[in-house]
There are 2 protein chains.
Amino acid sequence: MSAVRRIEQLAPQPKKAEWLDTIIKGDCVAALERLPEKSVDVIFADPPYNLQLDGTLHRPDQSRVDAVDDAWDQFDSFAAYDAFTRAWMLAARRVLKPNGTIWVIGSYHNIFRVGSVMQDLGYWLLNDIVWRKTNPMPNFRGRRFQNAHETMIWASRDKASKSYTFNYEALKAANDDLQMRSDWLFPLCTGKERLKNEDGGKLHPTQKPEALLARIMMASTKPGDVVLDPFFGSGTTGAVAKRLGRHFVGIDREETYIAAAAERIAAVEPLDDIDLALMQGKRAEPRVAFGSLIEAGLMKPGTLLFDAKRRWTANVRADGTIAIGDDAGSIHRVGARVQGLEACNGWTFWHFEEAGSLKPIDELRATVRKGMQVAAA
Amino acid sequence: MSAVRRIEQLAPQPKKAEWLDTIIKGDCVAALERLPEKSVDVIFADPPYNLQLDGTLHRPDQSRVDAVDDAWDQFDSFAAYDAFTRAWMLAARRVLKPNGTIWVIGSYHNIFRVGSVMQDLGYWLLNDIVWRKTNPMPNFRGRRFQNAHETMIWASRDKASKSYTFNYEALKAANDDLQMRSDWLFPLCTGKERLKNEDGGKLHPTQKPEALLARIMMASTKPGDVVLDPFFGSGTTGAVAKRLGRHFVGIDREETYIAAAAERIAAVEPLDDIDLALMQGKRAEPRVAFGSLIEAGLMKPGTLLFDAKRRWTANVRADGTIAIGDDAGSIHRVGARVQGLEACNGWTFWHFEEAGSLKPIDELRATVRKGMQVAAA
DNA sequence: CCGCAAGCTGAATCGTTAA
DNA sequence: ATTAACGATTCAGCTTGCG
């Protein structure tokens, strides 16, 4: 029996425990209407993009591009797509808690329809977030700009809801004391993270990277929150939610996807509460945040940092902050505080021990930057 | 006398249309309706989005909206903004040439309305472009992500128009030989570039940086093209157009802005023609038939052609075809057939031997083209 | 075992001209 | 209006296979 329970037949008003951390099979509007109202903290939705592709596209080497031509992405008109969007958005709004927020991802093919419908239904837009792709597909015919990003809309249930969750300080501390911007840089979901089908091809045509969902949840949820995904697909939302100590609810129509997602989520190991202190994803180049040393594996949580004269000792945490006892913050803030100064460059102030001698953590940053340059070359 | 002419005080000019390189004062819809249809190559529009349009906002039933009414009706407001957007977009579409394109810039407050209306009116979206700001305004309350970008929509007049201008090769060359992406990085318009009023404050609230307009025009116009800006404001579009050897037409309602923009544009020094040269790709070069190489004596019947790895050998025939045994046809068809592909560019696939090494026959085509240029000069 | 080359692929609204 | 032919066009990153 899979560790992820499934519900195919919901009772009219199921108890909370029944649908939490499950994947519901069926049409998303019908499934949403069976869930209790005001029961979900955050919704992440990756709806069909309504791509309108005519022929087949070939690369310059004449290989064929494997496009998204699934039936679920086909709509007869903009009006039909709008009606579909209104229906699921309305149903989603009912299950959202008054102070809940919703994330919707899309491309220029659909995101303008989506945003307009959201505004019409009373959702209050908080930000649009740009996912900049490090490795987007090129424009093979040289007819347009390389479509190198997707857009996410982050919105509250209505204009009046002001107490939505936004972990501003945590995001900022892990981002070198700069507030998190609306443009995020992440690679596509490829390699081992990408689920494969029995033929070795991609299981799902549009699987999203876990790093993207991780930043979303770290920004807009708290541990124990409920995250709903009405277009569950390969289950990235569930996998990240479980790893980060959040509950999930997935809805999907395809048994193939449900089975694969359930297996995937069952294999996820939740992080310890301590590790959850707050960890962040990659940030915009070329600035290197201290947190990225941890992400890159160059620095492990729990590592001790010292100033050059070993007068102070700090502890590295998983979220990219450091702490001396209860005093936690960015490498810069903690460095400034212990010295009683306004400011401090943590990169040169803090050192790590290697073979008995101290080396500034700036050396590790240099390593990361070199890697970024190589990647960009 | 200002170097920028105004529509009220025009002297008759022999060839150039009266409205070229002028600023038209008035409501943008009315002004657009007085311009000849299909007369403009590119439109750049930075429409207002604050819903406080004092008089220009009308409901679909033509009733006027009181934008400062305390009884705020969200739906009415969006509907009114949509109606305003439809009105100017429709008028703009009439003056756009069949192969013209339009750029519209906005933020998450209005861009979703704008994009939806564009799709509804038949504009065909080519890209959405993200302007990432190097120095955006912080989020002061710490309740959202720093809004660090704006979105531009680039669209053609309709789906059928395929011959819009896109200077792909030039952009790529300027971008370290990588195709230009949909995310652009520019600073805000500040410092000396920013127009000031008599109090020393900013003249216009949303003056766009010239670098942004320069990339737009370098991407989607050719020298001598006509660029229309229906919300001219501080005149950035006109200033950049003049500098880059493009014509402009501006529309604005405010005399203050018109006067400042006229003065600004008058001070602009156009670049020399030689600096305005556009890098052209092969698709802009005259077509050369393979047979003309034989006629020009650059290739003799009986010459052997090879692919780069010498897996196949073909024989040049006097009629401009090539043959492998009995299999004869154009350089493209034979190249495709031996590879088992649908298509093949014979110019780059086939090579001839010179001094023991292989050179693509494309080199001979370049020679012919060079001769054609000399003959035309 | 490593190092390097070659191959594959990702939410894509992806052509023009002459007969 | 339709068809056929011409011929232009890709970036990053991971995987596979060979020496």
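Lettering of chains follows the sequences in order, A, B, ..., and the numbering in each one begins at 1. Any value given below was found using the heavy atoms of this structure, including those in side chains, with hydrogens, waters and symmetry copies removed.
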### Task
Could you check whether A/K133 gets within reach of a base, just the sugar-phosphate, or nothing at all, counting any heavy atom under 4.0 Å?
nothing
### Task
Would you mind classifying the nucleic acid contact of A/C189 as base, sugar-phosphate or nothing, using non-hydrogen atoms under 4.0 angstrom?
nothing
### Query
Just to confirm, is there a sub-4.0 Å distance from OP1 or OP2 of D/dG7 to any side-chain nitrogen or oxygen of B/H332?
yes
### Query
So does A/N139 get a side-chain nitrogen or oxygen closer than 4.0 Å to the phosphate oxygens (OP1/OP2) of C/dC14?
no
Is any side-chain N of the basic residue among [X] and [Y] closer than 4.0 Å to the acidic one's carboxylate O?
| X | Y | value |
| --- | --- | --- |
| A/D54 | B/K159 | yes |
| B/D120 | A/R113 | yes |
| A/K133 | A/E150 | yes |

### Task
Could you tell me whether the side chain of A/F145 reaches within less than 4.5 Å of the side chain of B/L171, counting heavy atoms only?
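B/L171 vs A/F145: side chains touch.
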### Message
Would you measure the distance from the P atom in D/dT9 across to the matching atom in C/dT17 and give it in whole Å?
### Response
14 Å
### Separation between the C1' atoms of C/dG7 and D/dT10, rounded to whole Å
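Result for the C1' pair: 14 Å, nearest Å.
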Of the options [options], whose atoms approach the side-chain atoms of [X] most closely?
| X | options | answer |
| --- | --- | --- |
| A/A67 | C/dA12, D/dC6, D/dC14 | C/dA12 |
| B/A343 | D/dG7, C/dG10, D/dT9 | D/dG7 |
| A/L57 | D/dT9, D/dG13, C/dC14 | C/dC14 |
| B/L178 | D/dG7, D/dC11, C/dA12 | D/dC11 |
| B/W347 | D/dC14, C/dA11, D/dG7 | D/dG7 |

### Query
5'-most contact on DNA chain D: A/P138 or B/E342, nearest heavy atom basis?
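It is B/E342, whose closest nucleotide lies nearer the 5' terminus.
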Write down the protein N/O and nucleotide N/O pairs, taken from nucleotides 16-18 of chain C, whose separation is under 3.5 Å; answer none if there are no such pairs.
from   : atom 1 : to     : atom 2 : distance (Å)
C/dT16 : OP1    : A/R143 : NH2    : 3.3
C/dT16 : OP1    : B/K162 : O      : 3.3

### Task
If the plane angle is over 60° it's perpendicular, under 30° parallel, otherwise tilted; pick one for A/W184 and A/W103.
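Ring orientation of A/W184 relative to A/W103: tilted.
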### Task
Please confirm whether B/R157 makes a cation-pi placement over B/Y164, using NZ or CZ under 6.0 Å from the six-membered ring centre and within 45° of the ring normal.
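Verdict for B/Y164: no cation-pi partner in B/R157.
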### Task
Indicate whether any N or O donor in one side chain lies under 3.5 Å from an N or O acceptor in the other, for B/D128 and A/H149.
yes
